[in-house]
Amino acid sequence: QVHLVESGGGLVQPGGSLRLSCAASGRAFSWEAMAWFRQAPGKEGELVAGVSWTDGSTYYADSVKGRFTISRDNAKNTVYLQMNNLKSEDTAVYYCQPTPTIAPTVPPGYWGQGTQVTVSS
């Protein structure tokens, strides 16, 4: 069983920054990687970024490349998503999920409660 707690979301102005955290426990570490996905109202889920637990390799969607940074702290069982230069189109609920690769397909559902990110002036 996997337990995930996402946090760090909020309301931020365009150009601002947020840092999301995902605390994982249970069998999350039997998976190769952790990924962040996002779901905006009326839109399909989107893979944002992924990171390998073992070697730290990363993947980023083109829409966030150069603005977002994913990292992991194996000792704290936590994955982070540093989001800079936020845009209105980044508004969504963000979910973390254990995944078999750093660039997985979007899952049919999410195991955590997600954290809301709203970018608006």
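These figures come from a predicted structure and were not determined experimentally.
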Side chain proximity check, T91 to Q116, heavy atoms < 4.5 angstrom: yes
Whether W31 and W111 hold their rings parallel, tilted or perpendicular, with breakpoints at 30° and 60°: perpendicular
Backbone N/O of L4 and side chain of Q97: donor-acceptor pair under 3.5 Å: no
Check: Y60 side chain, I70 main-chain N or O, donor-acceptor pair, under 3.5 Å: yes
Any side-chain donor near an acceptor of the partner, S120 and T118, under 3.5 Å: no
Test item: T115 side-chain N/O and Y94 main-chain N/O as donor-acceptor pair under 3.5 Å: no
Polar contact flag, side-chain donor to acceptor under 3.5 angstrom, E46-S63: yes
Sub-4.5 Å side-chain heavy-atom contact between F37 and P104: yes
Minimum side-chain heavy-atom gap W36-T99 below 4.5 Å: no
Could you pull out all donor-acceptor pairs under 3.5 Å where a side-chain atom in residues 9-22 meets a protein atom, sequence neighbours excluded?
residue	atom	partner	partner atom	Å
S17	OG	N84	OD1	2.9

Basic-acidic side-chain contact under 4.0 Å: D62, K65: yes
R38 and V64: CA distance, side-chain angles, deciding distance, side chain to side chain contact (heavy atoms under 4.5 Å, CB included) verdict: CA-CA 12 Å; R38 64 187 180 187; V64 306; 4.0 Å; yes
Trace of the side chain to side chain contact (heavy atoms under 4.5 Å, CB included) decision for S57 with I102: CA-CA 8 Å; S57 56; I102 61 173; 4.0 Å; yes
Any side-chain donor near an acceptor of the partner, E32 and T101, under 3.5 Å: no
Hphob cluster co-occupancy, M34 + V117, side-chain heavy atoms under 4.5 angstrom: yes
Q39 vs V106 side-chain heavy atoms within contact, under 4.5 Å: no
OH-OG distance between Y80 and S7, expressed to the nearest 0.5 angstrom: 9.0 Å
Donor-acceptor pair, side chain of Q113 and main chain of E6, under 3.5 angstrom: yes
Non-hydrogen side-chain atoms of Y59 and L47 separated by less than 4.5 Å: yes
same_hphob_cluster(Y95, V51) at 4.5 Å side-chain heavy-atom cutoff: no
